[in-house]
Amino acid sequence: MPLELQPGALWFREALDRAAQAALLAEIRAVLTEAPLFTPTMPRSGQPFSVRMSNCGPLGWVSDVAGYRYQSFHPETRRPWPAMPPRLMDLWNRLAPEAAPPEACLINYYAPEARMSLHQDRDEADFTAPVLSVSLGDTAVFRVGGETRRGPTRSIHLASGDVFLLSGPSRLAFHGIDRLLPGTSRLVDEGGRFNLTLRRVTAA
DNA sequence: CAGTTACT
DNA sequence: TGCA
């Protein structure tokens, strides 16, 4: 049973047990050998993000001086993104049974000092499907608010194995990661946190 | 345009 | 927490 922080913002604590987390992380490691983490940059300014990224699935989210977009290939290797692990498709089918299949899984790696400022996920053509995110590794201080940048926000601690869904009236909610709590998980050998974000990109 | 950072 |  999820905790509904606000309409459409669903927190599934410990949705994945330790064994499932380890199995999923191994699959993500395999993806990263084919599609290595890269450092995205901000449009126009070229400022690097503190998180590093990769993707799996037919489409991947990238950001560079030209802007934000989804594309079918890795920006450095120019090769297609690896397939999405079936276990992620299964998770989507369980938690978002009404939605069309996910097309993108963005893999964000947070080193201990990495952060993600408050933003919306709005580069998709269809906002009817939810955004599903899986936390692996160190606990993160996650902030979520409403559809405008100003306005009240709440913050919660997302731990390894937690799943968070932004759906319905919260699909365009502003959200971000204030900081990690280093050393809170031993799942990731090198420390830090992997966040997997599943999205439907094109209209169903 | 922006998932940025700095400062209060 | 909110603003530039």
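Predicted, not measured: the structure shown is a model, and the values here were computed from it.
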Sidechain N-carboxylate O distance under 4.0 Å for A:Arg29, A:Glu190: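 Between A:Glu190 and A:Arg29 there is a salt bridge, with a charged N closer than 4.0 Å to a carboxylate O.
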
Rounded to the Å, how far apart are [X] [atom1] and [N] [atom2]?
X        : N     : atom1 : atom2 : result
A:Met42  : B:dT5 : CE    : P     : 8 Å
A:Tyr68  : B:dC1 : OH    : C1'   : 9 Å
A:Asp121 : B:dA2 : CG    : P     : 16 Å
A:Leu172 : B:dA2 : CG    : P     : 16 Å
A:Asp64  : B:dC1 : CG    : P     : 13 Å
A:Arg179 : B:dT5 : CZ    : C1'   : 18 Å
A:His119 : B:dA2 : NE2   : P     : 14 Å

Distance in Å, A:Arg193 CZ paired with A:Ser135 OG, rounded so as to fall on 0.5 Å steps: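 Here the interatomic distance stands at 3.5 Å.
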
Residue pair A:Tyr70 / A:Arg199, side-chain donor-acceptor N/O under 3.5 Å: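 Side-chain D/A pair, A:Tyr70 to A:Arg199: present.
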
N/O (side chain, A:Arg44) to phosphate O (OP1/OP2, B:dA2) under 4.0 Å: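 So the side-chain polar atoms of A:Arg44 never come under 4.0 Å of the phosphate oxygens OP1 or OP2 of B:dA2.
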
Side-chain cluster (under 4.5 Å, hydrophobic types only) that A:Leu172 belongs to, other residues: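 Listed partners: A:Phe127.
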
Atom CD of A:Glu14: over 12 foreign heavy atoms under 6.0 Å: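 Incorrect, the count does not exceed 12.
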
Residues forming a ring-ring contact (aromatic ring centres under 6.0 Å, His included) with A:Phe142, sequence neighbours excluded: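 Counting only residues at least two positions away or on another chain, A:Phe142 forms a ring-ring contact (aromatic ring centres under 6.0 Å, His included) with A:Phe164.
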
Heavy-atom side-chain contact between A:Arg69 and A:Asp64 under 4.5 Å: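 Result yes, sub-4.5 Å side-chain heavy-atom pair found.
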
When we call it a touch if two heavy atoms are under 4.0 Å apart, what does [X] touch: a base, just sugar-phosphate, or nothing?
X        : value
A:Gly176 : nothing
A:Thr153 : sugar-phosphate
A:Arg199 : base

Chain A footprint on DNA chain C, 5' to 3' - any atom under 4.0 Å from a heavy atom: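 So the outermost contacting nucleotides come out as C:dT1 to C:dC3.
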
Among B:dT5, B:dA2, B:dC1, the one nearest A:Arg115 by side-chain distance: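 Among B:dT5, B:dA2, B:dC1, the one nearest the side chain of A:Arg115 is B:dT5.
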
Listed nucleotide nearest any side-chain atom of A:Pro43, set B:dA2, B:dC1, B:dT5: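 The answer is B:dA2.
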
